[in-house]
Amino acid sequence: MARVAFLGLGVMGFPMAGHLVAKGHEVTVWNRTPAKAEAWVAKHGGESASTAAKAAEGADFVMSCVGNDDDLRQVCLGPDGAFAGMKAGAVHVDHTTVSAQVTRELAAIAAEKGLAFVDAPVSGGQAGAENGVLSVMCGGEAADYARAEPVIAAYARICRLMGPVGAGQLAKMCNQIAIAGLVQGLSESLHFAEKAGLSITDVVEVISQGAAGSWQMQNRHATMAENRFDFGFAVDWMRKDLGICLSTANENGASLPVTALVDQFYKEVQGMGGGRWDTSSLIARLRR
Ligand code: NAP
């Protein structure tokens, strides 16, 4: 069992940190808004600290799950940041979805301080975090990954090292690129069903068994039929992710025409007031 700090108790981090306690790890949490850390301690019984640096003191592993590149820099760097508190040889495992570039930048700073850094973005959403069945894509040194993997296992169904630091984030970009076009296709299919006078439930019952089936179809068709999106993975977060995918594609030469188009569709959903709606809200744009 390890001493673990967990930084960022949002939709994802709150349940992930809980699974660490359930597996017997000694957990100290930190959250920018202290009320969430208090609620977490009341539920799970670990400890909370007043800064990221204090939470990281004495920890073997520091996990983080915050917002974007700048948020991650803030949590890691500076006098109150995690790196200031970590002991030599400790491993920072970051679960935030960020650019590969910021993970390389932070890994280099960590290395200068004798710390290890593994990027480990996740897929599986809120339900995956709550049920401890996330897919975790990692980048880093093989030896650091080997140490971190049994800890990450507390909330993972699959965890894999994809390559050097940054490779986990590149794999997560593949995930978001695959989802973007798929959700638009699903939205168009269900929108067409409505226009054709068919029952979405009947259509999905049949076509989900064949080649058109997907996690999104299985888990989102019912709420899409009800035009309900007040849950799940927020459009604002998806736009952050697609922005990272598109700028990385600019660098590596990948052609992502559909991803670029769907990103603009999500911009329109934001304009409809849907920044916090689930990504399946692409269908709401078609129904306008
Ligand atoms: P969330 O519910 O909005 O929580 C964000 C967390 O990050 C909060 O604890 C927030 O603290 C903290 N935070 C943000 N900026 C910070 C800063 N500058 N300094 C310190 N703390 C900061 O988000 P989430 O849904 O858990 O997502 C977290 C990350 O996982 C994102 O990168 C997201 O893209 C990724 N992700 C999310 C999902 C999903 O389905 N939700 C799935 C896969 C990946 P406060 O409480 O103080 O605001």
Side-chain angles (χ1 to χ4, degrees), residues 5-19 29-41 48-56 62-84 93-100 102-103 106 119-138 152 155-159 168-169 171-180 183 215-216 219-220 223 229-245 266 275-281:
F6 204 107
L7 316 175
L9 302 171
V11 165
M12 301 297 284
F14 194 105
M16 289 163 78
H19 284 294
V29 296
W30 171 77
N31 195 69
R32 178 179 59 182
T33 306
K36 277 190 206 165
E38 285 157 23
W40 187 91
V41 170
S48 76
S50 57
T51 65
K54 283 186 183 151
V62 176
M63 329 305 263
S64 53
C65 189
V66 290
N68 59 27
D69 284 22
D70 283 342
D71 298 326
L72 182 60
R73 282 193 191 94
Q74 277 171 25
V75 165
C76 292
L77 306 176
D80 290 336
F83 290 1
V93 177
D94 176 52
H95 294 301
T96 316
T97 305
V98 289
S99 66
V102 76
T103 67
L106 290 171
D119 58 301
V122 302
S123 170
Q126 183 174 357
E130 286 169 356
N131 297 322
V133 291
L134 293 167
S135 300
V136 188
M137 299 145 259
C138 299
I152 298 170
Y155 38 75
R157 177 159 54 197
I158 181 167
C159 182
Q169 295 296 346
K172 173 70 182 181
M173 291 174 214
C174 299
N175 185 77
Q176 301 307 69
I177 292 163
I179 287 176
V183 176
W215 185 97
Q216 296 285 344
N219 292 282
R220 293 290 184 259
T223 40
F229 311 110
D230 56 343
F231 62 91
F233 184 57
V235 166
D236 287 344
W237 279 149
M238 187 59 163
R239 285 217 73 211
K240 167 195 57 116
D241 295 359
L242 295 182
I244 293 169
C245 296
Y266 278 125
R276 292 301 292 184
W277 293 351
D278 181 66
T279 44
S280 56
S281 55

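All ligand and atom numbering here is 1-based and tracks the order in the structure.
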Every pair of nitrogen or oxygen atoms between ligand 1 and the protein that is under 3.5 angstrom apart - can you list them with their distances to 0.1 Å?
residue: ligand 1; atom: 2 (O); partner: Val11; partner atom: N; Å: 2.9
residue: ligand 1; atom: 9 (O); partner: Leu9; partner atom: N; Å: 3.2
residue: ligand 1; atom: 9 (O); partner: Gly10; partner atom: N; Å: 3.3
residue: ligand 1; atom: 9 (O); partner: Asn31; partner atom: OD1; Å: 2.6
residue: ligand 1; atom: 15 (N); partner: Asp71; partner atom: OD1; Å: 3.3
residue: ligand 1; atom: 15 (N); partner: Asp71; partner atom: OD2; Å: 3.4
residue: ligand 1; atom: 18 (N); partner: Asp71; partner atom: OD1; Å: 2.9
residue: ligand 1; atom: 18 (N); partner: Gln74; partner atom: OE1; Å: 2.8
residue: ligand 1; atom: 23 (O); partner: Trp237; partner atom: NE1; Å: 3.3
residue: ligand 1; atom: 26 (O); partner: Val11; partner atom: N; Å: 3.2
residue: ligand 1; atom: 26 (O); partner: Met12; partner atom: N; Å: 2.9
residue: ligand 1; atom: 32 (O); partner: Val66; partner atom: O; Å: 3.2
residue: ligand 1; atom: 32 (O); partner: Gly67; partner atom: O; Å: 2.8
residue: ligand 1; atom: 32 (O); partner: Thr97; partner atom: N; Å: 3.1
residue: ligand 1; atom: 32 (O); partner: Lys240; partner atom: NZ; Å: 3.0
residue: ligand 1; atom: 34 (O); partner: Lys240; partner atom: NZ; Å: 2.9
residue: ligand 1; atom: 46 (O); partner: Asn31; partner atom: ND2; Å: 2.9
residue: ligand 1; atom: 46 (O); partner: Lys36; partner atom: NZ; Å: 2.6
residue: ligand 1; atom: 47 (O); partner: Arg32; partner atom: NE; Å: 3.0
residue: ligand 1; atom: 47 (O); partner: Thr33; partner atom: N; Å: 3.0
residue: ligand 1; atom: 47 (O); partner: Thr33; partner atom: OG1; Å: 2.5
residue: ligand 1; atom: 48 (O); partner: Arg32; partner atom: NH2; Å: 2.9

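When each of Val93, Val29, Asp94 is tested with Met63 by the rule side chain to side chain contact (heavy atoms under 4.5 Å, CB included), just one qualifies, namely Val93. If you run side chain to side chain contact (heavy atoms under 4.5 Å, CB included) between Leu72 and each of Val98, Leu7, Leu77, only Val98 comes through.
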Please tabulate, for side-chain N and O atoms in residues 30-38, each donor-acceptor pair with protein atoms closer than 3.5 Å (sequence neighbours left out).
residue: Trp30; atom: NE1; partner: Ser50; partner atom: O; Å: 3.3
residue: Asn31; atom: OD1; partner: Leu9; partner atom: N; Å: 2.7
residue: Asn31; atom: ND2; partner: Thr33; partner atom: O; Å: 2.9

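For the pair Val11/Phe233, no side-chain contact is recorded, criterion being any heavy-atom separation below 4.5 Å from C-beta on.
Under the salt bridge (Lys or Arg N to Asp or Glu O under 4.0 Å) criterion, Asp236 pairs with no residue at all, not counting sequence neighbours. Remark: Asp278 pairs with Arg220 by the salt bridge (Lys or Arg N to Asp or Glu O under 4.0 Å) rule, at least two apart or across chains.
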